[in-house]
Amino acid sequence: MSALNLAQKVLLANLPEGVNTLPEPGKTVMIQFSHTLYQDATGTAAALAFEKMGVDRVKTTAVIVVDHKTLQVGFIDGDDHRYLESFSKRYGCWFSRAGNGICHSVFLEDFAQPGKSVLGADSHTTNAGGMGMLAMGAGGTDVSFAMAGKPYKIVMPEVVKVNLTGKLPAGILAKDVILNVLKDLGIKGNKGICLEYGGDGVKSLSVPDRATITNMGTEAGVSFSIFPSDKKTKEYLKGRGRADCWQEMKADKGATYSRTLDINLSELVPTIALYPRLKAMEPVTEHAGMPVDAVFIGSCTNANYANLARVGEVLRGKRVKVDTAIAPGSQATARMLAAAGYMEIFYAAGVRMMENACSACIGQGFSPPTDGTVLSTGNRNFLGRSGTISANVNLVSPVTAAASAIAGKLVNPVDVIGDDLKFKEPPPVVDMGTYVAPLPEAEAKKVECRYGPNIKPLPDLDTLPASLSGEALLKLGPEVTTDLIQPAGKYLALRSNADEYAKQATFVQADETFSARAAELRDAGGHGFIIAGDGYGMGSSREHAGLCPRILGVRAIVAQGFERIHLANLANFGILGLSFETPSDYDKINQGDKLDLDLSGLDAGKLTLKVNGSTEIALKLEQGAEDLPMIRSGGALSYFAQQA
Ligand code: MIC
Ligand code: SF4
């Protein structure tokens with residue numbers, strides 16, 4: 001076989017038994033994932049789906065982490081956590097309680113392994129690519145199938161090499177690297193590619209730094225990102241008491257790529273991603289002096305020990321001028337910060353210490369004031385994600401955030417730090433006792449799952465009719481995020497009650513009459529359509545962005561293009577993902593138009609949409625022909641039940 005790149009190697013290492021070749025890019029390939037990951041916001045629906053599959057015990061190393069819904073105002077979140085813990089015990093998973101840390105942070109620390117693979121019900125599962133692992137996000141139902149031992153279908157990606165040279169100067173962090181990769185690559189049009197990092201610059205980056213970079217590959221819409229597993233990886237695993245998990249993973253000499261992106265680390269400068277949706281990645285200096293109302297330092301992207309210790313050094317002996325919060329990524333990180341004296345520095349600086357959880361990254365507390373300008377070290381700044389629709393949230397590195405918190409305005413951290421930024425490095429805290437380990441099989445069988453009044457079974461979805469007839473319920477522009485379709489923040493509590501979540505939240509920030517109008521059409525026997533531009537469904541993996549519109553009677557999304565995870569989620573809930581043969585036909589449909597779609601051409605993937613009884617628009621099916629039986633039977637769960 002000719003020289004292989006690293007992405008090909010890790011894919012080959014995770015094929016189902018008996019399969020040992022990879023197809024051409026663009027063709028589908030089945031992956032047998034070794035690990036799976038749930039968190040508590042997508043996990044309850046995923047767990048309910050798993051229970052419907054009738055499988056007795058998980059077939060992967062399965063990890064469930066409570067990290068998103070940790071506010072626990074009222075009984076709902078607590079009930080969800082209790083359900084997930086009982087589910088975890090019943091089916092043989094590892095369980096991480098609230099406060100233990102963010103799913104991607106604890107997964108990297110205690111479970112990720114070079115050469116293995118993880119499918120997680122969260123789009124930033126790509127974080128573990130920093131460990132040389134095949135790490136991808138997916139909808140909860142797909143993760144549950146993988147957990148039940150079924151191979152998961154992906155599109156064989158084109159492999160783009162990101163060639164890193166040089167070494168990061170003081171005050172420039174991994175966050176600045178990924179913001180510059182996103183700037184060069186663009187955040188659109190990257191579907192079907194993966195990013196493979198290589199070059200001399202790799203060896204200067206720690207495993208958590210690499211994870212920061214693979215984490216945010218998601219923001220470009222790539223399938224996954226991967227770093228080699230080298231001496232640094234070995235050292236990291238040794239420190240975490242897992243040296244036996246290490247194996248070298250690297251590209252062969254002479255491996256080929258579809259293209260190469262060159263990044264010289266020595267030339268990078270502190271960078272800011274502007275609001276909204278990482279609108280532009282620009283040097284901090286170009287915006288220096290921007291008044292700041294609040295600073296949030298946390299999230300799976302940036303809340304590792306080294307980053308927060310650097311923040312500690314910047315804050316040492318100083319006081320913040322604006323409301324500043326820090327949320328460590330894990331209890332291990334928090335304990336190391338305490339051991340090194342940084343907790344004392346944070347409190348003395350006037351910082352609010354938050355839980356080791358997602359926290360403000362997903363609008364779970366710390367929502368900014370009206371029109372407030374925020375600096376956040378998170379990975380996303382979608383409209384309204386902070387919980388304040390008028391807030392202006394900009395993404396920066398932890399040291400830029402810390403230096404700006406002291407100044408009360410955006411500043412270049414390099415001016416504060418000087419030539420070096422040394423920090424204390426206490427021994428890593430490794431404490432597997434903070435997890436509930438999988439129970440032995442006989443004991444697990446005796447466990448009963450515990451539900452709560454807000455945990456409702458997943459609805460049964462009816463089959464696809466021979467034709468659809470209804471209305472363009474909503475016409476939207478390009479890059480509709482899953483946060484816009486199905487917002488999180490204060491609605492996060494409703495994830496276990498899809499009917500209520502649909503009623504209260506679907507498209508509420510785009511049009512608050514949407515849910516009622518859609519339900520009215522559905523109840524009158526009509527079918528709902530959503531019309532949109534390119535990049536529909538970008539962002540989170542939350543499958544409620546498919547399920548909830550479906551509950552409200554939406555049967556087809558007609559868009560100029562779709563994001564990978566969301567398109568699969570639509571198929572899982574029996575919704576057609578259709579695109580325009582001629583993209584400008586988008587202009588021929590208006591909100592409120594009457595739409596008729598004869599589905600007899602579905603097998604060929606070609607359909608004609610009639611608008612107001614006359615105009616005809618040619619559409620094509622974006623999902624694969626192999627998805628059709630599932631879509632026709634109403635979705636993944638009913639299809640699986642029929643097959644069984
Ligand atoms: C996010 O960062 O948007 C989330 C919240 O972690 C989501 C998952 C969810 O919606 O629960 C994600 O990234 O998939
Ligand atoms: Fe949690 Fe934010 Fe990471 Fe999503 S991006 S997993 S909300 S910390």
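Both counts, for ligands and for their atoms, begin at 1 and track the order of listing.
- Numbered from 1 in the order shown, with element, the atoms of ligand 1 that lie under 4.0 Å from a heavy atom of Ile362 read 5 (C).
- Under the salt bridge (Lys or Arg N to Asp or Glu O under 4.0 Å) rule, Lys69 has a single partner from Asp79, Asp40, Asp77, which is Asp77.
- Note on Glu219 versus Arg380: salt bridge recorded, some NZ/NE/NH1/NH2 to OD/OE distance being below 4.0 Å.
- Residue contacts with ligand 1, taken as heavy atom pairs separated by less than 4.0 Å, involve Asp122 via backbone and side-chain atoms alike.
- In summary, Asp142 and Lys153 do not engage in a salt bridge, as defined by a charged side-chain N under 4.0 Å from a carboxylate O.
- Within ligand 1, the atoms closer than 4.0 Å to a non-hydrogen atom of Ser541 are 12 (C), 14 (O), numbered from 1 in the order shown.
- Arg385 counts as a contact of ligand 1, since one of its heavy atoms falls under 4.0 Å from the ligand.
- Counting atoms of ligand 1 from 1 in the listed order, those under 4.0 Å from a heavy atom of Thr42 are 9 (C), 11 (O).
- His566 and Tyr536 have their aromatic ring centers within a separation under 6.0 angstrom.
- Within a radius of less than 2.8 Å around atom 3 (Fe) of ligand 2, the protein N, O or S atoms are Cys300 SG.
- Aromatic rings of Phe95 and Tyr435 (six-membered ring for Trp) have centroids beyond the 6.0 Å cut-off, not under it.
- Contact atoms of ligand 1 toward Ser540: 3 (O), 7 (C), 8 (C), 9 (C), 10 (O), 12 (C), 13 (O), 14 (O) (distance under 4.0 Å to a heavy atom of the residue).
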